[in-house]
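Down below is the structure, laid out as structure tokens.
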Amino acid sequence: MIRTLIIDDEPHCVSALLHDLNRLCPQVDVVATCRSAEEGIEAIRKHDPELVFLDIEMPVMDGFEMLEALGEGRGFQVVFTTAYDDFMLKAIRVNAMDYLLKPVDGADLIEAVSRVERHIMANTSLDKRINSLLQQLRPADDQRIALPNQYGYEFIDSADILYAKADGAYTRLFFADGHDVLFSKSLGEIEAMLPSRTFIRIHHSVIVNVNKVSHFRKLKTSVVVMSNGDSLNVSRSRKEALLQRMGAR
């Protein structure tokens, strides 16, 4: 299923698109609909969609301005929906997957969704192949991971990562040399790439490298202190697993 948002300030357009998607595109799972760009930004950060149907002309903030506000490295495909055809070139410039004129034609909708589906499957397959190859070439304790960016892929030694923290729909990696980088992958996707023998989730939004933990403190809320001095909360349900991994129990 393709995790999808619809962002459009016109309720009848949302209803019509929902009806057509349910009828023609069963592979689409609409997780939320939004009436403004501001609501759309919140929903994107909450639901981490793979596809966004985005109206261009909306009050306060239009669709193009919304994408600019989100910045680079978005992890979803965009299909613009509009009643006007004079936005086509600008839509192409922001790398939209497709451009649908209202009222949306059923055949055009099917083709747009199919194009998105092919893109998602191809990218997922490529990510898996690259990371599988890296795992075969590197020892388990010195594993490299490949993370996509706007230019291609960044290859990272997992041993250099202190911890990973969810940042909305994305994940921010913190490194031993003091820098951090935001990637358009969910924390769960990052977790699946990291070697399980050295990384453990200590909170629903944080994964740590156990080799970089310097202290565990039993305060009102349990806390780990990383080698760079950062303090991170440990959830009650994950404390025992962390202590066992650290050899403290």
Side-chain angles (χ1 to χ4, degrees), residues 1-3 44-51 70-77 95 97 116-214 216 224-235 238 241-242 244-247:
M1 299 292 283
I2 303 173
R3 198 165 53 255
I44 287 167
R45 290 171 175 165
K46 178 180 178 181
H47 295 287
D48 188 19
E50 297 167 290
L51 168 62
L70 285 168
E72 297 180 351
R74 65 174 185 262
F76 56 88
Q77 298 303 314
N95 299 315
M97 181 59 69
V116 170
E117 187 174 31
R118 290 193 297 269
H119 180 85
I120 291 172
M121 291 178 66
N123 279 5
T124 299
S125 177
L126 179 60
D127 287 354
K128 288 181 178 178
R129 290 200 302 270
I130 289 175
N131 280 295
S132 176
L133 176 61
L134 288 172
Q135 289 177 29
Q136 293 174 37
L137 295 174
R138 306 280 289 193
D141 290 333
D142 192 25
Q143 183 173 312
R144 272 191 140 192
I145 62 174
L147 290 172
N149 58 31
Q150 60 180 323
Y151 305 110
Y153 283 86
E154 183 168 346
F155 300 99
I156 296 170
D157 289 326
S158 62
D160 293 335
I161 300 171
L162 294 179
Y163 62 95
K165 189 173 185 180
D167 189 341
Y170 305 114
T171 300
R172 189 172 296 278
L173 297 184
F174 295 80
F175 294 88
D177 65 3
H179 83 286
D180 61 83
V181 181
L182 184 68
F183 289 99
S184 57
K185 291 277 188 184
S186 69
L187 188 64
E189 290 174 303
I190 297 291
E191 184 177 26
M193 297 178 185
L194 294 170
S196 58
R197 70 175 63 190
T198 50
F199 286 84
I200 186 171
R201 194 182 286 243
I202 63 168
H203 191 275
H204 70 84
S205 62
V206 178
I207 298 166
V208 300
N209 183 340
V210 294
N211 294 330
K212 304 296 185 181
V213 175
S214 61
F216 175 84
V224 291
V225 180
M226 305 305 293
S227 58
N228 67 343
D230 287 356
S231 295
L232 304 168
N233 289 339
V234 181
S235 68
R238 301 179 188 273
L242 173 65
Q244 288 178 11
R245 180 70 67 84
M246 300 295 298

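With sequence neighbours excluded, the residues forming a side-chain hydrogen bond (donor to acceptor under 3.5 Å, both in side chains) with R172 are D167, D180, listed by chain and number. Remark: S186 engages E189 in a side-chain hydrogen bond (donor to acceptor under 3.5 Å, both in side chains) (not counting sequence neighbours). Applying the side chain to side chain contact (heavy atoms under 4.5 Å, CB included) criterion to H179, with sequence neighbours excluded, gives F175, D177, V181. Residues passing the side-chain hydrogen bond (donor to acceptor under 3.5 Å, both in side chains) test with N233: none are found, sequence neighbours excluded. For R3, the side chain to side chain contact (heavy atoms under 4.5 Å, CB included) criterion is met by V31, D48, E50, not counting sequence neighbours. With sequence neighbours excluded, the residues that form a side chain to side chain contact (heavy atoms under 4.5 Å, CB included) with R238 are R201, S235.
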For this session: Take F76 and L70 through the side chain to side chain contact (heavy atoms under 4.5 Å, CB included) test and state the conclusion after the steps.
Result: CA-CA 11 Å; F76 56 88; L70 285 168; 3.8 Å; yes
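The closest donor-acceptor contact from the side chain of T171 to the backbone of F183 lies at 3.5 Å or more, if one exists at all. Between the side chain of S205 and the main chain of A166, no donor-acceptor pair closer than 3.5 Å is present. Looking at N228, its side chain does come within 3.5 Å of a backbone N or O of D230 through a donor-acceptor pair.
The neighbour count for K212 NZ, taken as heavy atoms of other residues, nucleotides or ligands under 6.0 Å away, is above 12.
The line from NE2 of H119 to CD1 of I2 is 11.5 Å long, rounded to the nearest 0.5 Å. Within the model, atoms CZ of R197 and CG of N211 stand 11.0 Å from one another, a figure rounded to the nearest 0.5 Å. We find the CD1-CD1 distance between I161 and I190 to be 7.5 Å, quoted to the nearest 0.5 Å. Between the CE atom of M226 and the CG atom of N209 there is a distance of 6.5 Å, given to the nearest 0.5 Å. Between L187 atom CG and I207 atom CD1 the span is 4.0 Å, to the nearest 0.5 Å.
Closest heavy-atom contact between M193 and I145: O-CG2, 3.4 Å. Between I44 and P49 the shortest heavy-atom distance is O-CD, 3.5 Å.
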